[in-house]
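Take a look at the structure set out below.
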Amino acid sequence: MRASQFFINTLKEAPSDAEIISHQLMIRAGLIRRLAGGIYTWMPLGLRVLRKVENIVREEMNRAGAMEMLMPAVQPFELWEESGRGPKYGPELLRLKDRHQREFVIGPTHEEVITDVVRREVKSYRQLPRHFYQIQTKFRDEIRPRFGVMRGREFLMKDGYSFHTSFADLQREYQVMYETYTRIFTRLGLKFRAVAADTGAIGGTGSHEFHVLADSGEDGLAYCPDSDYAANVELAEAVAPVVSSVGAGGTLSAPMQKVATPGKARCEDVAEFLNLPLISTVKCIALMTDKKDVPNEFVMLLLRGDHALNEIKTQKAIGEFRFAREDEIVAALGSKPGYLGPVGYSGRLVVDRAVAAMRDFVCGANEEGFHLTGVNFARDLPTPSEIADIRNVVEGDPSPDGNGTLQLCRGIEVGHIFQLRTKYAEALSCTFLDENGKDQVMEMGCYGIGVSRIVGAAIEQGNDERGIIFPTAIAPFSVVIVPMNFAKSETVRNAANALHDELQAAGIDTMLDDRDERAGSMFADWELIGVPHRVVVGERGLKDGKLEYKGRTDNEATLVDVAGMRAFLQQKIG
RNA sequence: CGGGGUGUGGCGCAGCCCGGUAGCGCGCUUGCUUUGGGAGCAAGAUGUCGAGAGUUCGAAUCCCUCCACCCCGACCA
């Protein structure tokens with residue numbers, strides 16, 4: 001490829017709405033351009049990257065025995081009513097009407113469509129198992145699109161769906177996909193980790209997320225360096241402490257005392273004011289639940305002062321909830337938030353495991369400006385009847401598998417595999433006849449990869465002050481040839497053209513920058529774009545039969561014989 | 001949807017408080033010089049100041065309405 005025939009449009013400054021580094025660099029390098037909020041055009045340069053990611057995903061899916069197909073982007077809304085997911089998905093579904101006023105949606109995912117296809121096409125156990133996948137543009141009307149291509153509304157996704165006669169066979173395929181995903185992300189050249197995950201809105205049982213590790217990631221991950229335990233913090237279990245945490249000043253079973261703590265509403269302030277460690281304080285969280293049998297119930301949660309509430313775990317423990325309003329809190333406890341406590345409270349109380357093990361702790365006195373110290377269960381208030389894991393794990397917590405302690409890091413979710421089981425197959429009557437001629441509901445698995453998101457994630461992971469650092473596997477070009485004085489020097493022109501043709505013939509994806517730009521701006525462009533290998537062709541080196549090689553992250557250039565450059569690059573690219 | 005902010009040439013911004021007919025840097029065009037790290041000089045082009053309505057002799061600037069975008073919270077590949 002020659003730059004004069006390509007379209008390169010780099011910017012010195014990124015638009016001010018680009019917030020994170022990958023978004024800024026993608027705009028500056030001319031990979032994408034924004035059309036509307038969360039909707040981007042993939043420019044020729046960006047499309048090359050996207051296609052490379054896509055092809056690796058495709059090759060590995062095919063290798064694992066999945067069949068590619070392409071489903072419609074536009075789907076009749078009836079299918080979503082049939083699966084029961086229409087109302088639940090809500091405003092994220094982009095709906096539209098055709099000229100006959102028939103309702104359609106732009107597909108945010110394709111469980112319904114594939115299940116519909118399979119229930120029509122597959123009738124017998126002899127046709128199973130089957131795994132179909134597609135690489136499709138999807139649309140989710142995100143509440144808040146941001147981070148460019150990382151959380152766009154329109155995005156490219158690989159979604160695969162497998163169908164089985166038994167749960168055991170689904171588990172077999174799930175394992176195959178786990179390994180396939182591991183191969184894919186390895187080939188893409190990304191640092192990643194697979195973690196146990198919450199199944200979320202899609203539903204089902206077993207589930208793993210694949211995360212590209214990056215500090216800017218939106219997800220918190222907990223992992224154990226001494227074992228292979230890894231989980232999303234939404235899910236990571238906080239195990240109960242083995243020993244009781246010692247409370248105030250190390251003194252055990254001091255009498256409970258009411259102390260004035262004017263203006264100290266947060267645990268941090270109270271701990272500092274009383275000169276006690278934060279871990280001896282208890283925070284009180286007031287919620288409201290609304291169930292058929294118990295409408296509008298006030299629920300109090302107890303967490304250790306240094307811990308944070310995990311809303312997903314809490315929902316699992318007590319069901320749907322919302323935070324209580326101030327007037328509801330005052331009505332239930334007679335105090336404003338900041339001074340709440342469980343002593344004397346008789347409503348529903350859910351105690352975090354860590355709090356249940358505490359002694360001589362500090363909590364609010366249910367009176368503005370006052371806290372209680374030296375509080376103990378069994379003595380000052382009843383032994384808790386509801387103990388649950390409702391907090392986020394923190395660094396240093398024991399690993400739930402009993403090996404070592406947890407570390408935290410951040411990740412960008414780029415893949416997710418689920419054992420869906422029979423949820424959709426049942427709703428859509430997707431059945432087969434077994435060996436005995438009996439109707440059975442199929443077991444389903446579903447496997448997603450955010451193809452366009454991977455491009456952003458890769459840049460988030462690979463960049464420096466000069467621009468993008470792409471792994472060779474997904475760089476728009478593997479090698480760029482930068483000739484000095486291309487227009488005027490015939491020697492340079494001939495050498496550059498010859499090298500370009502030689503590399504292309506050897507199957508190396510090569511760009512020859514024949515734009516006759518100044519050296520500085522060509523260097524800056526290709527470093528911004530992130531091409532991993534650069535060869536400079538100049539009269540200076542050519543005099544001695546040499547070319548200059550420089551890797552994107554190298555500090556110095558290396559002189560290589562003209563004749564040996566192809567082999568040199570092949571070895572570098574691997 | 002709730003809370004905060006911003007809309008001025010392609011991009012980044014100033015001007016707005018204190019109304020007087022729009023400016024800077026980058027980019028773009030032309031010419032000459034330059035040519036191994038985003039060149040220099042000279043000459044140019046590009047704006048219904050987000051939209052609509054209002055106050056005023058006069059509105060980018062003040063008032064109202066709407067729209068778009070961004071940031072902070074609930075979603076997800």
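What you see is a predicted model; the values in this text were computed from it and never measured. Both backbone and side-chain heavy atoms feed into the values below; hydrogens, waters and symmetry mates do not. Letters A, B, ... mirror the listed sequences (proteins, then strands); counts begin at 1.
- Here A:D464 pairs with A:R552 in a salt bridge; the nearest charged N to carboxylate O distance falls below 4.0 Å.
- Taking the P atoms as reference points, B:rG9 lies 10 Å from B:rC49, given to the whole Å.
- Of the candidates B:rU35, B:rG37, B:rA77, the closest approach to any side-chain atom of A:H416 belongs to B:rA77.
- Residue A:R28 has no polar side-chain atom (N or O) positioned under 4.0 Å from OP1 or OP2 of B:rC11.
- Among the nucleotides B:rG38, B:rC76, B:rC75, the one closest to the side chain of A:E142 is B:rC75.
- Between the side chains of A:W80 and A:Q75, at least one donor N or O sits under 3.5 Å from an acceptor N or O.
- The side chain of A:V536 sits closest to B:rG36 out of B:rG37, B:rA77, B:rG36.
- Both geometric conditions, a ring-centre gap below 5.5 Å and a plane tilt below 30°, are fulfilled for A:F155 over the base of B:rA77.
- Rounded to a whole angstrom, the distance from the P atom of B:rG47 to that of B:rG23 is 13 Å.
- Both A:A14 and A:E413 lie close to RNA chain B; mapped to their nearest nucleotides by heavy-atom distance, the more 5′-ward contact belongs to A:A14.
- Distance noted for atom C1' between B:rU8 and B:rA14: 10 Å (whole Å).
- Taking only side-chain atoms of A:A519, from C-beta outward, the nucleotide of B:rG38, B:rG36, B:rA77 with the closest atom is B:rG36.
- When the P atom is used for both B:rA42 and B:rG52, the distance is 40 Å, rounded to whole Å.
- Of the residues near RNA chain B, A:E311 and A:G541, the one whose nearest nucleotide (by heavy atom distance) lies more toward the 5' end is A:G541.
- For A:E19, counting side-chain heavy atoms from C-beta on, the closest listed nucleotide (B:rC76, B:rC13, B:rC72) is B:rC72.
- The side chain of A:K488 has B:rU35 as its nearest neighbour among B:rU35, B:rC76, B:rG38.
- Residues A:Y424 and A:D116 bring no donor and acceptor atom of their side chains to less than 3.5 Å of each other.
- In summary, the side chains of A:N310 and A:E234 do not present any donor paired with an acceptor at a separation below 3.5 Å, with no hydrogens or angles considered.
- Counting only heavy atoms from C-beta on, A:R34 has its side chain closest to B:rC69 among B:rU35, B:rC69, B:rG12.
- With B:rG12, B:rA77, B:rU35 as the choices, the nucleotide that has an atom nearest any side-chain atom of A:E13 turns out to be B:rG12.
- Across all strands shown, A:D159 has no heavy atoms under 4.0 Å from either base or sugar-phosphate atoms.
- When the side-chain nitrogen and oxygen atoms of A:S16 are compared with OP1 and OP2 of B:rC13, one or more of them lie within a distance under 4.0 Å.
- Taking 4.0 angstrom as the limit, A:K158 places none of its side-chain polar atoms (N or O) nearer than this to OP1 or OP2 of B:rA77.
- Between A:F477 and A:H533, the gap from one ring centroid to the other reaches at least 6.0 Å.
- Taking side-chain N and O atoms only, A:R518 has a distance below 4.0 Å to OP1 or OP2 of B:rA39.
- Base-pair partner of B:rG10: B:rC26 (Watson-Crick or G-U wobble, both distances under 3.5 Å).
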